[in-house]
Amino acid sequence: MKRRVRRALLGLGLLTVVLAVAGAAYESVARHRAARGHPAPGKLVDVGGRRIQIDCRGAGSPTVVLIAGLDHFGSLSWAPIHDSIAQTTRVCAYSRAGIMWSDAARGAFDSGRMADDLHAALAAAGERPPWVMVGHSMGGPYALAFTGRYGAEVAGLVFVDASHPDQRFPVGASAPLRRRVRDAGVNAAGPALLRMGAARLVPVNNRPPSASTDMIAAHRAHFPTSVAALLKENQAIAATLRDAGRHRDLGSRPLVVLTGARGVSPTSRWMQFHQDQATWSTHARHERVDDASHYIHADRPDVVIRAVRDVVGAVRASTAPANPGNAASP
């Protein structure tokens with residue numbers, strides 16, 4: 001009986017090794033195919049031994065910088081409005097470290113390092129301030145983190161249904177993301193299973209309504225390599241919001257706050273958060289978008305495009321020095 005048990009355990013161990021090797025080989029081939037079949041739009045720039053994907057289009061100043069929320073589409077999140085804004089001014093969308101085509105960063109996610117990555121990527125791509133920062137969802141706090149560090153370069157902001165520093169999230173990853181990674185056992189075994197192709201077993205169904213066939217295909221190809229970075233960002237939400245809360249005094253910078261109000265009560269906490277955001281600048285407005293969900297740029301791209309153009313126009317029209325609210329203001 002003991003001999004049979006030992007043989008069974010040995011067989012199980014060998015099978016595990018074979019599956020691990022086969023999975024790793026499969027994942028390696030899949031990553032090469034993804035890189036060849038769905039190359040990075042724009043360019044990959046060096047930010048100190050790592051590469052960040054950034055896609056800049058159009059011409060003019062100020063340069064609009066698009067910052068996605070906690071999703072796994074990277075720069076593709078902004079496809080519905082990217083080219084339209086490029087008809088007005090220079091505009092850059094990018095993928096944060098570890099998302100889509102961008103190389104992963106070591107250690108835990110940190111919004112300060114994220115801001116430094118973005119600043120370095122813009123410089124390496126040959127882009128120059130002033131910037132108009134546009135942040136969707138958690139991209140709002142990320143834009144605040146960037147403004148806190150490079151405030152002299154930030155001329156205006158647009159919040160697209162952005163998160164507020166005072167709101168509270170569940171600890172750890174969001175529920176939809178937890179379910180997707182749980183399906184592949186990624187939470188339990190971590191990066192090892194990612195390297196063996198486990199994340200390619202995860203169904204990926206949450207895509208923007210306006211997603212094109214090419215966008216969906218690129219996303220499916222690169223999602224497995226984005227899971228680890230997404231989990232890190234989710235786990236750092238509380239720290240990210242604390243950091244953002246220190247930079248909400250935006251002085252007199254032009255600011256537009258957009259709320260996706262479909263199904264949202266006018267007296268809800270979410271609406272109150274956005275009304276508060278509109279007090280952070282002396283040159284701000286808050287706009288409800290009643291027929292849009294959280295993804296306003298997908299449901300009503302015209303509204304986001306207009307808001308960005310309004311802020312760009314205000315920056316261009318301003319000839320007097322700004323009235324800074326703190327040392328980080330322009």
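The first residue in the sequence is number 1, and the count goes up from there.
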Donor-acceptor contact below 3.5 Å, side chain [X] vs main chain [Y]:
{"X": "His164", "Y": "His274", "answer": "no"}
{"X": "Ser265", "Y": "Thr267", "answer": "yes"}
{"X": "Thr279", "Y": "Asp276", "answer": "yes"}
{"X": "Arg253", "Y": "Val154", "answer": "yes"}
{"X": "Ser281", "Y": "Pro254", "answer": "no"}
{"X": "Arg248", "Y": "Gly245", "answer": "yes"}
{"X": "Ser75", "Y": "Ser95", "answer": "no"}
{"X": "Asp55", "Y": "Ala93", "answer": "no"}
{"X": "Ser111", "Y": "Tyr142", "answer": "no"}
{"X": "Arg269", "Y": "Gln167", "answer": "no"}

With a 4.5 Å heavy-atom cut-off, do [X] and [Y] have their side chains touching?
{"X": "Pro62", "Y": "Arg316", "value": "yes"}
{"X": "Val134", "Y": "Val311", "value": "no"}
{"X": "Gln87", "Y": "Arg309", "value": "yes"}
{"X": "Ser163", "Y": "Phe273", "value": "no"}
{"X": "Thr63", "Y": "Arg128", "value": "no"}
{"X": "Arg96", "Y": "Glu233", "value": "yes"}

Closest approach of [X] and [Y], non-hydrogen atoms and distance?
{"X": "Asp166", "Y": "Arg168", "value": "O-NH1, 3.2 Å"}
{"X": "Arg285", "Y": "Ala307", "value": "NH2-CA, 4.2 Å"}
{"X": "Val47", "Y": "Ala121", "value": "CG1-N, 3.7 Å"}
{"X": "Gln275", "Y": "Pro266", "value": "NE2-O, 4.4 Å"}
{"X": "Ala97", "Y": "Ser102", "value": "CA-CB, 4.2 Å"}
{"X": "Pro301", "Y": "Ile81", "value": "CB-CG2, 3.6 Å"}

Please answer: with hydrophobic residues joined when any side-chain heavy atoms are less than 4.5 Å apart, are [X] and [Y] in the same cluster?
{"X": "Leu66", "Y": "Ile305", "value": "yes"}
{"X": "Val264", "Y": "Val256", "value": "no"}
{"X": "Leu250", "Y": "Tyr150", "value": "yes"}
{"X": "Trp78", "Y": "Val303", "value": "yes"}

Before accepting this row, confirm whether a basic side-chain N of the pair Arg300/Asp291 lies closer than 4.0 Å to the acidic partner's carboxylate O.
yes
Geometric class of the Tyr295/His136 ring pair [parallel <30°, tilted 30-60°, perpendicular >60°]
tilted
Please say which of [options] ends up in a side-chain contact (heavy atoms from CB on, under 4.5 Å) with [X].
{"X": "Val160", "options": "Val308, Ile296, Val257", "value": "Ile296"}
{"X": "His119", "options": "Glu153, Met114, Arg149, Glu127", "value": "Glu153"}
{"X": "Tyr94", "options": "Leu122, Ile52, Asp117, Val45", "value": "Ile52"}

Inter-residue atom distance [X].[atom1] - [Y].[atom2], 0.5 Å rounding:
{"X": "Gln53", "Y": "Arg51", "atom1": "CD", "atom2": "CZ", "result": "11.0 Å"}
{"X": "Leu255", "Y": "Asp310", "atom1": "CG", "atom2": "CG", "result": "12.0 Å"}
{"X": "Ile99", "Y": "Lys232", "atom1": "CD1", "atom2": "NZ", "result": "10.5 Å"}
{"X": "Thr240", "Y": "Met138", "atom1": "OG1", "atom2": "CE", "result": "4.5 Å"}

Using the ring centroid of each side chain, check whether Phe146 and His247 are separated by less than 6.0 Å.
no
For the [atom1] atom on [X], are there more than 12 heavy atoms of other groups (residues, nucleotides or ligands in this structure) within a distance under 6.0 Å?
{"X": "Lys43", "atom1": "NZ", "value": "no"}
{"X": "His294", "atom1": "NE2", "value": "yes"}
{"X": "Arg50", "atom1": "CZ", "value": "yes"}

Run the side-chain contact (heavy atoms from CB on, under 4.5 Å) test on Thr259 and Asp161 for me, step by step, so that the C-alpha distance in whole Å, both residues' side-chain angles and the decisive distance to 0.1 Å come before the verdict.
CA-CA 5 Å; Thr259 301; Asp161 218 41; 3.8 Å; yes
Does NZ or CZ of Arg113 come closer than 6.0 Å to the centre of the six-membered ring of Phe109, within 45° of the ring's axis?
no
